[in-house]
Amino acid sequence: MIKTGKVPLPVLTYIAILSVCFIINLPGVAVAPVEGKMKELLHTSELEIQLLTILPNFVIIPFVLFAGKLSDYKHKIPLILFALILFLGCGVAYMFSKSMTGLIIISCLLGVADGILIPFAMGFIVNSFEGKYRTRNLGIKSATSNFGTVVASFIVGFLIQGGNWHLPFLVYLIAIVPLVLCYWLKYIPGFGTVPISPDKHQKALGVSNEKGIEYGKIWGLIGNNVFFTFITFTLVIYLPQLLQNYGWNPKISGEITAFFFIFVLLAGFILEKFIKTFRSFVFPLLGLFLIIGLAFFVFIKAEWAMYCGSVLVGVAFGIFQPLIYDKTSYAVTDPKKNIFGLSLVLTALYIGIAIEPFIITAIKDIFLIKDENHFAFSLGFCLAIVYLILSFFCRRRFTFSIEPSYYS
């Protein structure tokens, strides 16, 4: 049995939780490496490629909220089962699709499945664990999700060498593992036979908000998440084009991005220790990591600098993500609203990713900026300075604070 701070969790249930966490970051991982092949073989336009990469992110957002709303109802396992079957079905459908329209439709359906699974994957941890156990396991959850991305990227890189552009999509068939283990999810509090019980802080706050959610705090966390994600994903979105402008080998871009995700993964394992060490200065320090990391991209045109930058940005994002979702539980006073509260804050991640290209392009067009890619990193660097200043002076406020229970 796994210690949770509440009712102990069966080992197979814990493995089932991690298996769901493993697949939720996979959508899109097989698309980017085969874009060139699809342009060549399917004679696709640049607009179609953009729709294939961007549209699923927009689809995820409403279904994250939809899943959060449905989490109020008792029967959650059938919904999770449906999402896993749809995820697996999309992986199979990719193998037989021969048109860009078909690929876009399948990717959107994959976004539907992923949008449903994302808040539940987080809810598994929040409902099952309490206190230091929850903080630790949210870090492990983050590490597992990002480990899935890293492993899948290597698998895709191996499969693409086979010559058939359909082969990389085999990576989505990994969804069969959580589908097989889905039975054991019923032992998670609030998902099956085990009733959900409030955390200690939820009991203390229960009288303060009859609606079950303190929306003022939730909006603060949403803003924090959008701002931080916008800055961080400059690296993921604009690095390939930046290096292409430099005339560098495209392979370097993949390696630097892999470094980013590896250190996002590793940061999840040091989350608890990091919080206990730096306490109220955690968010300002993450802002400092972003400043130094992006400075390597903006001011130094060298491979080693970009590897160093990706490490610092990756560590910052890897600590920020599980922490911001853990803090969400402090804004929820009714344990039945845990997943809905998480779904609200989770949408901020995908909003930040989805709106960034549009905002960068709009600013570029208004001010007639020639190099959009270098400008994106420069803007991210300036916004990171703003984030550091804001988080330092607001470190006593809920949005940027660290609750004493994290290190007591």
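Just so it is clear, the structure is predicted and the values come from calculations on it, not from any experiment.
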### Any donor-acceptor pair under 3.5 Å from N25 side chain to T149 backbone
no
### Message
Quick check: do L323 and I402 have side-chain heavy atoms less than 4.5 Å from each other?
### Response
yes
### Message
If only side-chain N and O atoms count, and only distance matters, is there a donor-acceptor pair under 3.5 Å linking E255 with Y307?
### Response
yes
### Message
Quick one: does any side-chain atom of S97 pair with a main-chain N or O of Y94 as donor and acceptor, under 3.5 Å?
### Response
no
### Task
List in chain and number order the residues that pass salt bridge (charged side-chain N to carboxylate O under 4.0 Å, His left out) with R395, two or more places apart in sequence or in another chain; answer none if no residue qualifies.
none
### Query
Is the F375 to F367 ring centre distance short of 6.0 Å?
no
### Query
So, the side chain of S329 versus the backbone of D326: is there a donor-acceptor pair under 3.5 Å, distance only?
yes
### Task
State whether the side chain of S401 and the backbone N or O of R396 hold a donor-acceptor pair below 3.5 Å, judged by distance alone.
no
#### Entry: Whether D114 side chain and L110 backbone form a donor-acceptor pair below 3.5 Å
no
#### Entry: F398 backbone acceptor or donor facing K327 side chain under 3.5 Å
yes
### Task
Please determine, by modelled atom types, if E214 and T333 share a side-chain donor-acceptor pair under 3.5 angstrom.
no
### Message
Between F228 and L290, is the side-chain contact (heavy atoms from CB on, under 4.5 Å) condition met? List the steps.
### Response
CA-CA 9 Å; F228 202 94; L290 290 181; 3.6 Å; yes
### Message
To the closest 0.5 Å, what do you measure between CH2 (W219) and OH (Y215)?
### Response
10.0 Å
### Other residues, nucleotides, ligands: >12 heavy atoms within 6.0 Å of Y133 OH
yes
### Query
Where the side chain of T144 meets the backbone of I140, is there a donor-acceptor pair that is under 3.5 Å apart?
yes
### Message
Keeping S391 on the side-chain end and L388 on the backbone end, is there a donor-acceptor pair under 3.5 Å?
### Response
yes
### Message
Is it true that, when you exclude F147 itself, more than 12 heavy atoms of the residues, nucleotides or ligands shown sit nearer than 6.0 Å to its CZ?
### Response
no
### Query
Checking N338 side chain against P335 main chain: does a donor-acceptor pair fall under 3.5 Å?
yes
### Query
In this structure, which one of F297, F296, F233 forms a ring-ring contact (aromatic ring centres under 6.0 Å, His included) with F377?
F297
### Query
So do the side chains of V11 and W184 get within less than 4.5 Å of each other, counting heavy atoms only?
no
